[in-house]
Amino acid sequence: MAVIIKNQKEIEYMREAGRILAIVHEELEKFIRPGISTLDIDRKGKEIIDSFHCIPSFLNYEGYPASICVSVNDEVVHGIPKKKRILKEGDIVSLDAGVIYKGYHSDAARTWAVGNISPENQRLIDVTRESFYEGIKFAKAGHHLHEISRAIQKYVESHGYSVVRDLVGHGVGASLHEDPQVPNFKPLGRGILLQPGMTLAIEPMVNAGRYEVWWLDDDWTVVTKDGSNSAHYENTVLITDGEPEILSIRK
Ligand code: MF3
Ligand code: CO
């Protein structure tokens, strides 16, 4: 396993990829409303990414047919946008997107409300986002990778939810997926020692019910086995000498 340490120039490119991706998510949040299709979201996302002369990281990645992953309610991640999948009031929708700028990727996900949602769904979204912030308290040089994983899992489970185990976060850079894997649950061992210049996509996927998932027949869409709703929150994070720098949120 080789974890790639980025130099200043690479970090600058990833900062720009992250800045643009933050704008993509902000614009898509405004676009979400009952009545639109998940394909409308993909089209809008592609249009915004194109306007920055960037490339959508996911388009054609291992054959993935769209620019934005759009996952509704019990869909965990990697939902394929469709003309006939119409969002309705009360749904929650997870959008995962990536942008390539000068050969460097950013990767980030958000779960948004469609119109008015139940307090339970809002709490699921909030706990998922908060678990990311619990995790990155340990995203610092001198800490071990699995301290991040443990913090995410502890926070999520203390709220009665579960973290998905079949999918994990990852290093990110000139490739969308680099070493190391970043689990949202505590595996065996401490994991690697974090160093300045590492760039990680930290991405809790949280189920309201049990953690088990399965794949739909399209071989992409991951859904909860128990049919409970699921939320996703992801950012591209730079490890520094001090506090982590979140590259994919607007500063
Ligand atoms: N953000 C996703 C991940 O890290 C990438 C989606 S895979 C794709 O797994 F094929 F949909 F692009
Ligand atoms: Co990712």
Side-chain angles (χ1 to χ4, degrees), residues 1-29 45-62 64 67-69 77-78 94-110 129 132-133 135-145 148-149 152 167-184 191-205 232-251:
M1 184 173 83
V3 178
I4 300 166
I5 305 290
K6 276 73 180 182
N7 63 32
Q8 273 316 311
K9 190 190 75 181
E10 294 176 299
I11 289 168
E12 269 316 311
Y13 293 164
M14 290 188 68
R15 227 175 237 135
E16 184 61 6
R19 188 186 73 83
I20 292 165
L21 184 53
I23 296 170
V24 170
H25 276 300
E26 284 171 20
E27 294 299 314
L28 288 177
E29 180 188 15
K46 172 82 163 51
E47 189 183 298
I48 303 164
I49 295 168
D50 285 348
S51 76
F52 287 100
H53 307 287
C54 286
I55 299 167
S57 301
F58 301 173
L59 186 58
N60 301 320
Y61 178 86
E62 291 183 8
Y64 185 75
S67 300
I68 316 284
C69 296
V77 286
H78 303 169
S94 300
L95 307 184
D96 192 351
V99 160
I100 311 175
Y101 175 78
K102 294 195 178 174
Y104 285 82
H105 296 253
S106 56
D107 185 5
R110 307 279 182 262
R129 184 188 60 253
F132 166 87
Y133 284 96
I136 65 163
K137 288 180 180 169
F138 300 94
K140 292 177 185 171
H143 283 277
H144 288 87
L145 180 67
I148 300 173
S149 311
I152 291 171
L167 298 136
V168 295
H170 49 93
V172 54
S175 302
L176 176 59
H177 294 134
E178 296 182 351
D179 285 337
Q181 293 199 352
V182 185
N184 300 304
I192 59 163
L193 188 60
L194 298 174
Q195 291 172 44
M198 289 180 175
T199 42
L200 305 174
I202 301 174
E203 49 176 318
M205 288 154 263
H232 190 194
Y233 188 84
E234 173 182 30
N235 280 306
T236 299
V237 176
L238 170 69
I239 308 296
T240 73
D241 282 321
E243 293 301 313
E245 182 180 339
I246 305 174
L247 300 180
S248 50
I249 57 174
R250 222 126 49 135
K251 314 227 167 48

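Computed over heavy atoms, backbone and side chain alike; hydrogens, waters and symmetry mates excluded. The residues of the chain are indexed from 1 along the displayed sequence.
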Neighbour count >12 (heavy atoms, 6.0 Å) for atom NZ, K251: yes

Aromatic plane relationship, Y104 with Y13 - under 30° parallel, 30 to 60° tilted, over 60° perpendicular: tilted

Test side-chain contact (heavy atoms from CB on, under 4.5 Å) applied to I136 and N235, I239, I246, I148, the passing residue: I246

Closest heavy-atom pair and its distance - A108, H25: O-NE2, 2.9 Å

Non-hydrogen atoms of I4 and K6 that approach each other most closely: O-NZ, 3.3 Å

Under 3.5 Å: donor-acceptor pair, side chain of N184, backbone of E203: yes

Pair E12 + R15, salt bridge at N-O below 4.0 Å: yes

Nearest-0.5 Å distance, CG of residue L200 to CG of residue L247: 10.0 Å

Pairing of E29 and R110 as salt bridge, 4.0 angstrom limit: no

H143 (side chain) donor-acceptor with L194 (main chain) under 3.5 angstrom: no

Q181, CD: over 12 other non-hydrogen atoms inside 6.0 angstrom: no

Closest non-hydrogen atom pair, G135 against I152: CA-CG1, 3.8 Å

Main-chain N/O of T236 paired with S248 side-chain donor or acceptor, under 3.5 Å: yes

Polar side-chain atom of D179 near backbone of A2 as donor-acceptor pair, under 3.5 Å: yes

Distance-minimising heavy-atom pair for G242 and K140: O-CG, 3.6 Å

